[in-house]
*Asks:* 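One structure is given below, represented as structure tokens, and several questions about it will come after.
Note: hydrogens, waters and symmetry copies are ignored here, and every other heavy atom, side chains too, is used. Letters A, B, ... mirror the listed sequences (proteins, then strands); counts begin at 1.
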Amino acid sequence: MLLTKNISLFRADKIIFENINLSIGSGKILGLKGKNGSGKTSLIKTILCILEPTSGSIFWKGKNIEKNLYDFYNNVTYIADKTSSLKQLTINENIKIWKNIFLSKINNDQIEKILQTLKLDSYKNKKTNILSLGETKKLELLRLIIENKKIWILDEPFTNLDSEAIDVIKQTFEDHCKKEGSIIFSSHQNVQINTTEDLLL
Amino acid sequence: MLLTKNISLFRADKIIFENINLSIGSGKILGLKGKNGSGKTSLIKTILCILEPTSGSIFWKGKNIEKNLYDFYNNVTYIADKTSSLKQLTINENIKIWKNIFLSKINNDQIEKILQTLKLDSYKNKKTNILSLGETKKLELLRLIIENKKIWILDEPFTNLDSEAIDVIKQTFEDHCKKEGSIIFSSHQNVQINTTEDLLL
Amino acid sequence: MKFLLNPNSFQNITNLLFKPILIVSLVLLILGLIFSFYLSPNDYQQGSTVRIMYIHVPSAWMSLMTYMIMVIYSIVALAFRIPFGFIINTAVAPIGAVFTLICIITGSLWGKPMWGTWWVWDARLTSVAILFIIYLIIIFINNSFENRAVREKIVAIFILIGSVNLPIIKFSVDWWNTLHQPASISKLSKPNIDPSMMTPLIIMTLALMLVGISIAILRINTEITNRKNSL
Amino acid sequence: MFIFLKKIFYFFYREFKVNISGFHDILTNITFFFISIFIFIFSIGPQDKILSVMGVSILWTLLLLSSTLSLTKFYRDDFDTGNLIILHLNGFSFEFIAILKTISHFIYVQVPFIISIPIACVLINIPMEKVYSLLISFAIGSFILSCLGSISSSMNLLNKRNYLLGSVIVMILSIPVIIFSVGIINTEENFISLINVLFGILLIIFAINPWATGACLKIALQNN
Amino acid sequence: MFIFLKKIFYFFYREFKVNISGFHDILTNITFFFISIFIFIFSIGPQDKILSVMGVSILWTLLLLSSTLSLTKFYRDDFDTGNLIILHLNGFSFEFIAILKTISHFIYVQVPFIISIPIACVLINIPMEKVYSLLISFAIGSFILSCLGSISSSMNLLNKRNYLLGSVIVMILSIPVIIFSVGIINTEENFISLINVLFGILLIIFAINPWATGACLKIALQNN
Ligand code: HEM
Ligand SMILES: Nc1ncnc2c1ncn2[C@@H]1O[C@H](COP(=O)(O)OP(=O)(O)OP(=O)(O)O)[C@@H](O)[C@H]1O
Ligand SMILES: Nc1ncnc2c1ncn2[C@@H]1O[C@H](COP(=O)(O)OP(=O)(O)OP(=O)(O)O)[C@@H](O)[C@H]1O
Ligand SMILES: [Mg+2]
Ligand SMILES: [Mg+2]
């Protein structure tokens, strides 16, 4: 569905990456691996059309992505390498806002259950600024479930997580693949995720 | 040198940790391991006297730490789990400010060499806000060398780093140990660092 | 008098006294309103607008009294480390604010016919307005600071700083010549006011005071239980 | 359609929660306004005549102050936390975000002021006939300020070289607007036609705002 | 000793780099200042008399208002990025940080104002004899405002959202200062002794500031 053709990116006259060809169909997991500064985050942002590739082009469902950008966006969830939950609000309030802004159809029981598996349920009514780093990251990953889109694009989803949480995420990834979803994630760690394809940047 | 006796911490009436006994002498590496939310960051902040322990006390060179706090602070470098470099400034400016505020005696050639091993030298005159996450973290870890203190206290020093950088850090840790320094670090990853002692929270 | 400093005995005693106080205050209030609107004479100068006085003056007094209480309890709480003072401060501030607001509103309603304007910037009026804002700030601090221990201290210190304002309110009419009425009732020796006006004024003062006290009791008790629960 | 409205509603709800998480915060803003008036009066002195001459300018200065005060928060927080991208990916185009943000800035920052103006007018002896025209010109003027604020604070997200120029332009732009609006109230005749001119300026700036802001946001995200 | 001075010098250098590369903020403040002056001139009209009578008071009020503009940034950035802890661990006690920050706030925020006062005085026809005494009382007064600002913005770290509460507290506390300072300039005699009183207030507040701020910073770090 998503296809990049020879995209390259220059930033401040530095080559960040060159001639990348990717294709992501349903049921696939693509891992972007690379050292620090190898351009993983930049590549992800380019795929999301936040950065413009210096050359090459990206296609979505056969059409140039710029032409049906909002259709693409309707199918994609992006977890950035920073956390976006609002620090002034409690976990519950954050979830409520997400649910309504993303027009999610998920019901409260489901969320309750996920919060329990992630061990966040005891903080439901606490402001998110008291959460530890890992807990904040888990909350962020909850967006995957709430947005409930086809393509997941994740930038370093495993940082700050302990091995238990990583297992939960792995499981979620597999479930998503079975449901014909597709996943792109970047990582510099050697996490044992069964990727269908790897790209070394 | 640093000794904690039965310290416990309650935050918002929740037990974060209880009855922790630590002791750190020179040439030792202590690893704090634990799941997300197990209280690693809180323990580190307590050791640094930023948080007050609910019970128990901490000793530095045999005296209660509160009594010679500034002597303790003179011997410790703290790398927090967030990065403190000023985003408005370039790497060089950041280093210059650190060097002068920390009254460091390190000379420029040394810094140059470290920047090269960390592969940061090509960004020396770039604003730090364009750095990738890993690069920012590396810059932060540079403070260990610049401050040049005896005790290093690090909160999750390996997040966002690739394996090469982790190797450099490992090497630095070992060198520091040989020079009679001591290190406390927290991590939820299973990094192969030769700790002399582990504490599972 | 222990109940004025100890939350437990305060709760015990007020549980007994609350209902009587409430009933008496309601009776007095109704009585006072009847007196001031039907049974008291018109002033020969001011006409029927004089009846505003029966609300204006008691609520002005109450606003000052409430602040006095807060000052005393702040000193007690800070100097002798008695936390009950902080409880009182939190509970009583909104009551004081309401009394001050009533005083200002009735004052300006009265001012329009008497002085020809709603508001002038004379010392009395200005200082009362400041009092109102001080009350508001106390309420805001109580509501937006997360750490209770800090918040209480800040409030108490702020109350003490703000108490400079009290003598200014009280004596502004004597120190600066202003439009506002100088004290005519509180002159100890011989109040120069007609007894037919004095009666409703006294009744209304007592009534407002008791109403204030009963609301205060309610608020203090909920505050006490809140704190017990959060511990 | 209904879904769309719900989305917008929750955008405003979010802004509300972030900017002011309750009634008390709105009250604080209003109190801030009144204290500033007090301060003016304390330093100017209580002479009625001077007060009513200066009244309108005091109010305008305070309006300007309040809208500058809140500018830092306009886009910066959402930009730093990455929420801007997330909103963008979820069907809010940058232009749309700009419009919604401007409106919510107007609602949560300026409207409380506008509501408290009648009381303020009593305090500084502005004759009641003027209050009506003051309110209208204030409503329009403050919306213009919100739009200008949106543009200049999105420029703030840009690189240093670009933004300085940008924000200077915005500030220079706001001078004639303010002077014009202040002037309106003091002229007796032609009030309606002057208001129309002001309204015209509002429309133009309101139309420019989404594009300008959207472009700045886009470039800012690219540089980051 | 020399080392110590170097440390302090580089603290100021750091503040300079941080604040001035946020040159925008300083510019915003000064623009706000001048736009407000223009507002007054335009709404009062060219009746020089009122202007030159009221000029001093207007300047004072605007000084106060625009120093509240910069309060939000006082400690917040360093607090959020963890720099406050790092400085603390490197031999800057909280009290010392408070003192240094207050001074640098004075230098980087208030001094640009003081410099622009002579220009402002020309604009609003303040007689040149008064400018001198204005400048002195301004220098002292603005330092008092910096101290108050330091206290209140460290308090603001304790409450997560209400960014105006700090300013409200500062303003109500600065009412006496304002009344007094405006009074000074308008009395012909006794100028020196009145300035001494103002200076006394400054000393008291300058002494209280480190303790109050230090305590707030400490507690804020504990809660974070
Ligand atoms: C908004 C405007 C006003 C405010 C804020 C205000 C405030 C106060 C306050 C605080 C007191 C209590 C002073 C004390 O205990 O000594 C008071 C008393 C009083 N006020 Fe007002 N007032 C206002 C307007 C007026 C007006 C318009 C009148 C009538 C012309 C008036 C008549 C009185 C009288 C007769 C007393 C009782 C004085 C005494 O006997 O002690 N007030 N007012
Ligand atoms: N705006 C920019 N201008 C110039 N260079 C940039 C810009 N942003 C990032 N870079 C550089 O591009 C390179 C790639 O950055 P990117 O963030 O994509 O790396 P990454 O692979 O995600 O690294 P990490 O694993 O550390 O997150 C880095 O060297 C960075 O310094
Ligand atoms: N101010 C606070 N008040 C109440 N609870 C808090 C506060 N700060 C942190 N906590 C809780 O204390 C627990 C420990 O937090 P801490 O940050 O020490 O965890 P951690 O071990 O560092 O976790 P991570 O590996 O995710 O960084 C968490 O569950 C967190 O929610
Ligand atoms: Mg990255
Ligand atoms: Mg942690």
Side-chain angles (χ1 to χ4, degrees), chain B residues 9-12 16 41-42 44-54 66 69-90 92-105 127-129 136 140 143-144 146-149 151-153 155, chain E residues 1-27 73 75-97 99-101 104 108 157-158 160 214-224:
Chain B
L9 181 74
F10 291 44
R11 287 182 110 167
I16 308 288
T41 305
S42 305
I44 284 181
K45 284 192 179 167
T46 317
I47 293 176
L48 286 169
C49 294
I50 298 165
L51 298 179
E52 237 175 283
T54 319
E66 309 251 314
L69 197 58
Y70 283 96
D71 179 51
F72 172 56
Y73 283 169
N74 265 335
N75 283 293
V76 70
T77 298
Y78 171 49
I79 305 284
D81 48 8
K82 45 192 171 189
T83 52
S84 69
S85 49
L86 297 171
K87 295 272 171 278
Q88 309 96 317
L89 308 184
T90 64
N92 261 348
E93 282 168 332
N94 265 302
I95 291 178
K96 185 177 170 194
I97 288 177
W98 280 339
K99 257 173 60 180
N100 286 295
I101 282 191
F102 303 152
L103 301 175
S104 158
K105 287 188 199 75
K127 291 249 171 72
T128 54
N129 65 349
T136 321
E140 185 72 19
R143 265 203 8 249
L144 290 176
I146 296 179
E147 293 197 23
N148 192 18
K149 307 266 183 83
I151 301 185
W152 292 357
I153 298 186
D155 202 351
Chain E
M1 186 58 207
F2 171 70
I3 285 181
F4 187 66
L5 284 180
K6 194 174 162 192
K7 207 162 163 170
I8 293 179
F9 172 77
Y10 271 92
F11 190 96
F12 285 127
Y13 175 79
R14 177 175 174 281
E15 291 293 308
F16 174 77
K17 280 285 179 182
V18 176
N19 282 319
I20 301 288
S21 59
F23 187 65
H24 176 71
D25 291 332
I26 295 180
L27 196 77
K73 284 221 160 191
Y75 292 108
R76 175 62 71 186
D77 286 353
D78 278 340
F79 181 76
D80 284 343
T81 56
N83 270 300
L84 215 50
I85 296 183
I86 292 171
L87 287 174
H88 181 52
L89 293 183
N90 276 287
F92 293 90
S93 67
F94 291 129
E95 289 78 17
F96 193 43
I97 293 179
I99 296 176
L100 292 180
K101 279 259 181 187
S104 67
Y108 300 127
L157 296 180
L158 297 171
K160 289 276 147 28
C216 288
L217 291 182
K218 200 168 175 181
I219 295 160
L221 283 175
Q222 281 178 6
N223 286 345
N224 194 249

*Asks:* Surrounding NZ of E:Lys218 (heavy atoms of other residues, nucleotides or ligands, distance under 6.0 Å), is the total greater than 12?
*Replies:*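 Result for NZ/E:Lys218: open.
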*Asks:* Under 4.5 Å heavy-atom distance to chain B, tell me which part of E:Asp80 shows up: side chain, backbone, both or neither.
*Replies:*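 When you check distances to chain B, only backbone atoms of E:Asp80 fall under 4.5 Å.
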*Asks:* Would you name the heavy atoms of B:Lys96 and E:Tyr13 that are closest together and state the gap between them?
*Replies:*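 In terms of heavy atoms, the two residues are closest at NZ-OH, 3.5 Å.
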*Asks:* Do E:Lys7 and B:Asn100 pass the side chain to side chain contact (heavy atoms under 4.5 Å, CB included) test, and can you show the C-alpha distance, the side-chain angles, and the key distance before you say yes or no?
*Replies:* CA-CA 6 Å; E:Lys7 207 162 163 170; B:Asn100 286 295; over 6 Å; no
*Asks:* Please give me the minimum heavy-atom distance between B:Gln88 and E:Val18, naming the atom from each residue.
*Replies:*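 Heavy-atom minimum between the residues: NE2-CG1, 3.5 Å.
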*Asks:* Quick check on B:Ile101 against chain E: is it the side chain, the backbone, both or neither that has a heavy atom closer than 4.5 Å?
*Replies:*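 Interface part for B:Ile101: both.
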*Asks:* Give the C-alpha distance, both sets of side-chain angles, the deciding distance and a yes or no for side chain to side chain contact (heavy atoms under 4.5 Å, CB included) between B:Tyr73 and E:His88.
*Replies:* CA-CA 8 Å; B:Tyr73 283 169; E:His88 181 52; 3.5 Å; yes
*Asks:* Is it the backbone or the side chain of B:Leu86 that comes under 4.5 Å from a heavy atom of chain E, or both, or neither?
*Replies:*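 Interface part for B:Leu86: side chain.
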*Asks:* Against chain E, label B:Thr77 side chain, backbone, both or neither, depending on which of its atoms sit under 4.5 Å from a heavy atom there.
*Replies:*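 Neither; nothing under 4.5 Å.
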*Asks:* What part of B:Lys87 is in contact with chain E, defined as an atom under 4.5 angstrom from a non-hydrogen atom: side chain, backbone, both or neither?
*Replies:*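 Neither part.
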*Asks:* Which heavy atom of E:Ser93 sits nearest to which heavy atom of B:Tyr70, and what is that distance?
*Replies:*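 So the two residues come closest at CB-OH, 3.0 Å.
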*Asks:* Is the shortest side-chain heavy-atom distance between B:Arg143 and E:Ile86 below 4.5 Å?
*Replies:*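 Of all side-chain heavy-atom pairs linking E:Ile86 with B:Arg143, at least one is under 4.5 Å.
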*Asks:* Roughly how far, to the nearest 0.5 Å, is CG of E:Leu87 from OG of B:Ser84?
*Replies:*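 Rounded to the nearest 0.5 Å, the OG-CG separation comes to 9.0 Å.
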*Asks:* Count the heavy atoms of every other residue, nucleotide or ligand shown that sit under 6.0 Å from CD1 of E:Ile3, and state whether that count exceeds 12.
*Replies:*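 For E:Ile3, atom CD1 is not crowded (no more than 12 foreign heavy atoms under 6.0 Å).
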*Asks:* Under 3.5 Å, is there a donor-acceptor pair between the E:Lys17 and B:Asn94 side chains?
*Replies:*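 Side chains of E:Lys17 and B:Asn94: no pair found under 3.5 Å.
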*Asks:* Please flag which part of E:Ile8 lies under 4.5 Å from any non-hydrogen atom of chain B: side chain, backbone, both or neither.
*Replies:*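 Contact with chain B involves no heavy atom of E:Ile8 at all.
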*Asks:* Side chains of B:Tyr78 and E:Ile85: closer than 4.5 Å at any heavy-atom pair?
*Replies:*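 In contact.
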*Asks:* Mark yes or no for whether E:Asn90, through its side chain, and B:Phe102, through its backbone, hold a donor-acceptor pair below 3.5 Å.
*Replies:*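 No, because the side chain of E:Asn90 does not come within donor-acceptor range (under 3.5 Å) of the backbone of B:Phe102.
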*Asks:* Which heavy atom in E:Leu89 sits nearest to a heavy atom in B:Lys149, and how many Å separate them?
*Replies:*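 Minimum heavy-atom contact is O-NZ, 4.4 Å.
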